[in-house]
There are 2 protein chains.
Amino acid sequence: MNIGEAAKLVGLPPKTIRYYEEIALVTPGRDANGYRAFSEPDLHKLRFLARARALGFSIEDCRVLLALYEDDTRESAQVRAIAQEHLARIDEKIAGLKALRGTLAHLVSACAGDDRPDCPILDDLGG
Amino acid sequence: MNIGEAAKLVGLPPKTIRYYEEIALVTPGRDANGYRAFSEPDLHKLRFLARARALGFSIEDCRVLLALYEDDTRESAQVRAIAQEHLARIDEKIAGLKALRGTLAHLVSACAGDDRPDCPILDDLGG
DNA sequence: CTTGACCTTCCCGTAACTGGAACCCCTATC
DNA sequence: GATAGGGGTTCCAGTTACGGGAAGGTCAAG
């Protein structure tokens with residue numbers, strides 16, 4: 001199967017798939033004409049990657065998760081640790097954004113937003 | 001004033017300040033020896049930038065906000081529009097992260113995290 | 001006179017791709 | 001047989017907002 005069809009099936013742009021091959025996350029074979037040939041296992045991996053990336057895991061996390069996925073002797077604790085760490089990072093990010101949002105919303109609501117130059121937002125930024 | 005002292009006063013790394021000069025957000029003068037010479041207005045701009053960046057505004061937003069800050073004829077509506085747009089982006093980001101967080105937390109709690117290979121997280125990723 | 005702490009410029013690397021150029025392959029049609 | 005199109009291929013540059021580090025100039029102190 002060519003890259004275009006594979007891309008449609010797994011929901012990733014061809015460019016992204018080529019990139020994943022470049023960094024050795026997938027290693028599709030090649031046809032005689034040089035075109036990449038995706039097998040079912042390749043597609044499965046790509047779907048795994050698409051899902052993991054959609055959950056916000058970094059490429060390097062994905063690499064490790066994929067390795068664990070293919071390792072029958074893995075311990076679920078390893079997987080859970082990665083996911084929990086990621087969850088903690090997400091919580092941090094949410095907390096940071098909420099704090100931002102609070103300040104920003106306050107400033108926006110204090111600003112008249114009309115044709116006059118007076119602006120509490122700029123006042124805040126300017127100190 | 002040299003860059004090191006300026007950096008301490010405004011709370012930005014020297015590298016960042018040099019970068020801001022490179023992209024023309026600030027234009028400090030130069031001493032005879034080639035060292036950057038920061039004036040009070042320069043410091044004020046840098047503090048403005050530091051604060052705006054801390055609120056998550058992009059560099060390009062900062063550029064516009066700074067211009068508005070220095071424009072007596074501005075209309076606060078222009079500033080408010082930028083801030084409100086930024087606020088909307090932040091809300092989107094928070095919503096996205098919360099959705100992620102929900103799925104992820106669910107998976108993590110479903111995973112035993114012991115020495116056995118069975119793992120709902122990988123099961124989910126693998127489809 | 002040297003040491004150490006500054007400063008300067010310049011270039012590379014980051015994350016995870018995206019866009020584009022230049023070129024090859026395959027099929028269909030005129 | 002030439003051509004047009006819609007694939008595919010590689011490689012290079014750009015994105016965001018800096019950070020690291022090299023090579024070298026400057027300055028005050030001991």
Side-chain angles (χ1 to χ4, degrees), chain A residues 1-39 42 45-46 48-66 82 85-86 89-90 93 96-97 100, chain B residues 1-39 42 45-46 48-66 85-86 89-90 92-93 96-97 100:
Chain A
M1 178 183 311
N2 285 352
I3 199 171
E5 199 180 347
K8 266 173 209 155
L9 283 180
V10 306
L12 288 174
K15 279 274 192 185
T16 298
I17 297 178
R18 292 196 191 97
Y19 173 66
Y20 288 171
E21 186 195 20
E22 189 187 330
I23 61 175
L25 281 180
V26 281
T27 49
R30 297 284 177 144
D31 286 337
N33 57 13
Y35 288 15
R36 287 171 183 80
F38 292 86
S39 64
D42 289 331
K45 277 192 187 185
L46 287 174
F48 183 101
L49 290 169
R51 175 86 175 124
R53 290 290 298 133
L55 283 178
F57 286 103
S58 72
I59 290 286
E60 288 316 309
D61 276 348
C62 288
R63 193 187 300 283
V64 176
L65 289 172
L66 199 49
I82 293 172
E85 176 65 20
H86 180 40
R89 291 290 89 73
I90 289 175
K93 220 164 187 175
L97 286 175
L100 274 193
Chain B
M1 179 182 311
N2 285 352
I3 199 172
E5 199 180 348
K8 265 172 210 156
L9 284 179
V10 306
L12 287 174
K15 277 277 193 185
T16 298
I17 297 178
R18 291 196 192 96
Y19 174 66
Y20 288 172
E21 185 194 21
E22 188 187 331
I23 62 175
L25 281 180
V26 281
T27 50
R30 296 285 177 144
D31 286 336
N33 56 15
Y35 288 15
R36 288 170 182 81
F38 292 86
S39 64
D42 289 331
K45 275 193 188 185
L46 288 174
F48 182 101
L49 290 169
R51 174 88 176 124
R53 291 287 299 132
L55 282 178
F57 286 103
S58 73
I59 289 286
E60 288 316 309
D61 277 348
C62 289
R63 192 187 300 283
V64 177
L65 290 173
L66 199 49
E85 176 65 20
H86 180 41
R89 291 291 88 70
I90 287 175
E92 280 175 17
K93 218 162 189 178
L97 286 175
L100 274 193

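Keep in mind that the numbers below use all heavy atoms, side chains included, and drop hydrogens, waters and symmetry copies. For clarity, every value in this text was computed on a predicted model and none was experimentally measured. Here is the naming used below: chain letters follow the sequence lines, and residue numbers restart at 1 for every chain.
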Once rounded to the nearest 0.5 Å, what's the spacing between atom [atom1] of [X] and atom [atom2] of [Y]?
{"X": "Asp61(B)", "Y": "Arg53(B)", "atom1": "CG", "atom2": "CZ", "value": "9.5 Å"}
{"X": "Arg63(B)", "Y": "Leu49(B)", "atom1": "CZ", "atom2": "CG", "value": "9.5 Å"}
{"X": "Asp42(A)", "Y": "Leu9(A)", "atom1": "CG", "atom2": "CG", "value": "12.5 Å"}
{"X": "Tyr19(A)", "Y": "Ile59(A)", "atom1": "OH", "atom2": "CD1", "value": "5.5 Å"}

(request) Give the minimum heavy-atom separation between Ala7(B) and Leu12(B), together with the two atoms involved. (result)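 The answer is CB-O, 3.0 Å.
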
(request) Taking all heavy atoms of Pro14(B) and all of Ile3(B), pick out the closest pair and write down the distance. (result)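 Nearest pair, atom of Pro14(B) first, then Ile3(B): O-CD1, 3.6 Å.
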
(message) Going 5' to 3' along DNA chain C, between which two nucleotides do contacts with chain B fall, using a heavy-atom cut-off of 4.0 Å?
(response)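 So the outermost contacting nucleotides come out as dC6(C) to dC10(C).
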
At 4.0 Å (heavy atoms only), tell me whether [X] reaches a base, stays on the sugar-phosphate, or touches nothing.
{"X": "Arg18(A)", "result": "base"}
{"X": "Arg36(A)", "result": "sugar-phosphate"}
{"X": "Pro14(B)", "result": "nothing"}

(request) Could you tell me which residues satisfy ring pair (Phe, Tyr, Trp, His ring centres under 6.0 Å) with Phe57(A), sequence neighbours excluded, listed by chain and number? (result)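 Residues passing ring pair (Phe, Tyr, Trp, His ring centres under 6.0 Å) with Phe57(A): His86(A).
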
Length of the [atom1]-[atom2] vector between [X] and [N], whole Å:
{"X": "Leu49(B)", "N": "dT16(D)", "atom1": "CG", "atom2": "P", "result": "17 Å"}
{"X": "Ile17(A)", "N": "dG8(D)", "atom1": "CD1", "atom2": "C1'", "result": "13 Å"}
{"X": "Arg63(B)", "N": "dA17(D)", "atom1": "CZ", "atom2": "C1'", "result": "12 Å"}

(message) Looking at Glu21(A) and Arg18(A), is any side-chain nitrogen of the basic one under 4.0 Å from a carboxylate oxygen of the acidic one?
(response)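 No, this pair does not count.
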
(request) On DNA chain D, check which nucleotide each of Arg53(B) and Phe38(A) is closest to and give me the residue with the more 5' one. (result)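 Counting from the 5' end, the first nearest nucleotide belongs to Phe38(A).
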
(message) At less than 4.0 Å, is any side-chain N or O atom of Ser58(B) found next to OP1 or OP2 of dT16(D)? Yes or no.
(response)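 Looking at the OP1 and OP2 atoms of dT16(D), neither is under 4.0 Å from any side-chain N or O of Ser58(B).
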
(request) Please examine the side chains of Ile17(A) and Val10(A), heavy atoms only from C-beta on, and report whether any two atoms are closer than 4.5 Å. (result)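 They are in side-chain contact.
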
(request) Pull out every residue in residues 20-30 of chain B that has a heavy atom closer than 4.0 Å to any atom of DNA chain D, ordered by number, or say none. (result)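 Those residues are Tyr20(B).
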
(message) Nearest to the Tyr19(B) side chain among dG8(D), dG21(D), dC18(D), which nucleotide is it?
(response)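 Of dG8(D), dG21(D), dC18(D), dC18(D) is nearest to the side chain of Tyr19(B).
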
